Amino acid sequence: MSETAKIELDGKIYEFPVVVGTENEKAIDISKLRDTTGYVTLDTGYKNTGATKSAITFLDGELGILHYRGYPIEQLAEKATFIEVAYLLIYGKLPTQTELDAFSNSITKHTLVHEDMKQFFEAYPAKAHPMGVLSSMVCSLSTFYPESLDPNRSPEAKDLTIHRLLAKLPTLAAWSYKNAMRHPFMYPKNKFSYCENFMHMMFAMPTEDYNVDPVIVDALNKLLILHADHEQNCSTSTVRIVGSSQANLYATISAGISALWGPLHGGANQAVIEMLEQIHNDGGDVDKWVAKAKDKDDSFRLMGFGHRVYKNFDPRATIIKKACDDVLEKLGINDPMLDIAKKLEKVALEDEYFKARNLYPNVDFYSGIIYKALKIPTEMFTVMFAIGRLPGWIAQWKEMTEHNEPIGRPRQIYIGETPRDYVDISKR
Ligand code: ACO
C-alpha cells in the first residue's frame, strides 16, 4: 500500500499521497490541498517546496552528491567534454560518437550572429556590465528568429532553436567583452572546439592569432561542466516559470541570465574576487573580515560561503579546488588572492559560527580564481557561469514543455489592509 500523509484541519483529517523519487526522496503531494481543504502552504523562498518532478539532476545536500542524468559529477568533470555533457543533459543519454559529431557540427554551424546585432553592441556604453548586455542580446535573438516565438512548433524547430542558442551564447558573451574594450569583434572559427572558440573570440585580435593553451581548454571544460545544471535553483526556477507561460526560449533564457546575475546566486564568483581583493588591499587580516561576516550589525557576508542545499560540502568546490591548484601550477601563476582564499577558508572552517550554520566554501569560492588565471576579466565571471548553465536551463525548459506543466503561479497569504473607502486627495 502506498504511503499517505495525514493533515488535521478544523477537526477533520485529510490524506495526501506521498511521492517517492528514484533516489528515495519523499514529498507530500499537496496539489489538491486548496481544493479539498481551502488552505494553501506557506514557504517563503521555497525552502521545502518541490516545484516539479525532474529526471535531469540529482543532488543530496547532506551527503554532497551531484549527478547529471545519474552520472556522478566527479566522473563527468574528469572524463567528458562540456558539449558531451550538454547533450547528456538536454537529450537524457550520453551520445554515441555519431550523435556527438552531429550535435557538435550543428552547433559549430550556428555560431555566427546576425550582422545587424553588432549595432546593438555598439550602442551600449563601454562600461555596461556584460550580464546586462548578454541578457538583452539573448532576448534580441527572438527578433531575428520569429519562428521561435512558438516554442512548441515542432521537435525539429525546437532543436534548431536549442542549437542556435548554444552556438551563439559564447559569441555574444565574447563580443560583450570586446565591445567593453572597444576592440574589434573576432568571428568564430569552425576549426575550433566550443571552448577553444570562446577563448579565440575573447583574446585573439585581427592582427595576431591567439594560440589556445590546452591547459586552459581543459580547465574551461571542467568549469563549464561543474556549472551545467543544479536542479531547481533561482535561475532555473526562473527559466521554468517564464517558460511555463509559453514565452519563447530566447526570452526565457534571458530571464534566467538576469536571475543568475545577483550576488547571492551566480554573481557570487565576481563578488568573491572583489572581496579577496578588498581583504588584500586592507592588509590581508583575514580574522578581521571573518569577524565582520559574523557581526549581525554588519551587512558583510563571506562571499562564496554557504549554500541553500549543500550543508556539508559542495562537491563542485572539491573538484574545483584541485583544478585551481593544477591550473595555477601548470600556468606558473602565483596569485596572492589564492593565499588569502586558503587562509579565509581555514579560519572560517574552524570557527564556531560557520560550523554551527554549516557554512562551507561553495563552487564560486574557487571558480573566480581559475577564471582570473585564464585572464577572464572579473565582470565576465558571471557570464562564464551563464555559458556553463545554459545546457541545464535548456534541459529543464525542454523537460517542462514535454511534461506539459501548467503555468507557474504560486499563491500568497495576504497581510495588507482589509477593505476601506477611497479618501479624496483634499482630505488625506
Ligand atoms: N557569511 C556569513 N554568514 C552567513 C553566510 C555567509 N556567506 N551565509 C549564510 N550566513 C548565515 C546567515 O546570516 C544566517 O545566520 P542566522 O541563522 O544567525 O540568521 C545563516 O547563516 C543561514 O543563512 P541563510 O541566508 O538563511 O541561508 P540561505 O540558505 O537562505 O542562503 C546563501 C544561502 C544565499 C547562498 C547564503 O549562504 C549566502 O548569502 N552566501 C554568500 C553568497 C554566495 O556565495 N552565493 C553563491 C551561492 S552558490 C550559487 O548560487 C552557485
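Treat the numbers as computed from the prediction; the structure is a model and nothing was measured. Counting starts at 1 for both ligands and their atoms, following the listed order.
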Counting non-hydrogen protein atoms only, what is the nearest one to [atom]? Give residue, atom name and distance.
| atom | value |
| --- | --- |
| atom 23 (O) of ligand 1 | R301 NH2, 4.1 Å |
| atom 28 (P) of ligand 1 | R308 NE, 3.6 Å |
| atom 11 (C) of ligand 1 | Y353 OH, 3.5 Å |
| atom 4 (C) of ligand 1 | L359 CD1, 3.5 Å |
| atom 40 (N) of ligand 1 | F305 O, 2.9 Å |

Worksheet entry | Any pair counted as ring pair (Phe, Tyr, Trp, His ring centres under 6.0 Å), so long as it reaches residues 237-280, sequence neighbours left out |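 Listed by first then second residue: H129-W261.
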What do you reckon, does [X] put a non-hydrogen atom under 4.0 Å from ligand 1?
| X | value |
| --- | --- |
| K294 | no |
| K292 | no |
| F365 | no |
| K47 | yes |

Worksheet item: Looking at atom 20 (C) of ligand 1, is any protein heavy atom nearer than 4.0 Å to it?
Response: yes
Measuring centre to centre across the rings, with the benzene-like ring taken for any Trp, is [X] within less than 6.0 Å of [Y]?
| X | Y | result |
| --- | --- | --- |
| Y360 | F365 | no |
| F305 | F354 | yes |
| Y177 | H183 | no |

Item to complete: Mark yes or no: K158 above the aromatic ring of W397, with NZ or CZ under 6.0 Å from the six-membered ring centre and no more than 45 degrees from the axis.
Response: yes
Discussion item. Can you see whether W289 has K292 sitting over its ring - NZ or CZ less than 6.0 Å from the centre and within 45° of the normal?
Written reply: yes
Donor-acceptor contacts under 3.5 Å from residues 21-34 side chains, at least two apart:
unit_1 : atom_1 : unit_2 : atom_2 : d
D29    : OD1    : S31    : N      : 2.9
D29    : OD1    : S31    : OG     : 2.6

